[in-house]
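Here's the structure, in structure tokens; my notes come after.
Quick caveat: nothing in here was measured; it's all calculated off a predicted structure. What's counted below: heavy atoms across the whole structure, side chains too, no hydrogens, waters or symmetry copies. Below, chain A is the first sequence line, B the second, and so on; all start at residue 1.
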Amino acid sequence: TQLLEQSPQFLSIQEGENLTVYCNSSSVFSSLQWYRQEPGEGPVLLVTVVTGGEVKKLKRLTFQFGDARKDSSLHITAAQPGDTGLYLCAAIYNFNKFYFGSGTKLNVKP
Amino acid sequence: NAGVTQTPKFQVLKTGQSMTLQCAQDMNHNSMYWYRQDPGMGLRLIYYSASEGTTDKGEVPNGYNVSRLNKREFSLRLESAAPSQTSVYFCASRDSGREKLFFGSGTQLSVL
């Protein structure tokens with residue numbers, strides 16, 4: 001069983017639509033991260049959320065950390081083909097271990 | 001600005017063969033990591049090294065060994081490759097006190 005569960009696993013939408021991706025766990029984390037990965041490349045960090053209830057915005061991407069620090073969401077407004085990729089959430093255990101969710105594969109069609 | 005460099009990019013092995021995946025970073029980071037990525041499984045931690053001279057197991061260490069050769073280099077060895085080890089392997093590094101992982105571009109390994 002994975003420490004972090006992501007949903008949905010796959011998402012295919014039209015350009016201009018909005019979407020939300022979820023990352024859930026039964027554990028409490030001090031912080032949670034979101035990464036984006038393109039084919040043939042390693043993941044790249046988008047954001048780190050630290051405080052329960054925290055909301056961070058990165059252009060059209062909005063990240064939220066749950067009040068209980070067990071879950072997080074990523075919302076994309078007016079998705080564009082350039083948003084296509086694999087979105088991964090990650091949590092840090094014992095200061096050194098980074099555990100990743102199973103990922104959400106997003107395809108934005110023009 | 002190379003960042004994290006992994007070699008080779010592609011490798012095909014026969015069952016039972018051994019090989020070492022190499023990883024080097026030029027950012028003077030203390031911590032280094034090895035992950036494997038399988039479809040639908042995200043990234044799973046194999047081993048990590050919090051600092052030069054130390055290594056620790058992650059989620060899926062069986063069948064692998066690691067060596068932190070110096071601060072720059074962290075290698076992953078498969079002593080007797082199995083088809084279940086077919087995967088894409090990623091190396092990552094991190095500066096102490098900072099939570100950002102920097103990844104290499106991966107090694108695609110097939111074990112026949």
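Aromatic rings of A:F100 and A:Y35 (six-membered ring for Trp) have centroids within the 6.0 Å cut-off, being under it.
Classification of A:D83 and A:R60 as a salt-bridged pair holds, one side-chain N sitting under 4.0 Å from a carboxylate O.
Using a 4.5 Å heavy-atom threshold, the side chains of B:Q6 and B:F90 count as touching.
Only the side chain of A:Q33 comes within contact range of chain B, judged by heavy atoms closer than 4.5 Å. In this structure, no portion of A:Q6 lies under 4.5 Å from any heavy atom of chain B. Using a 4.5 Å cut-off between heavy atoms, B:L45 contacts chain A through its side chain alone, with no backbone atom that close. Looking at B:Y35, only its side chain comes within 4.5 Å of chain A, counting heavy atoms on both sides.
Using cut-offs of 30° and 60° for the angle between ring planes, the B:Y33 and A:F98 rings count as perpendicular.
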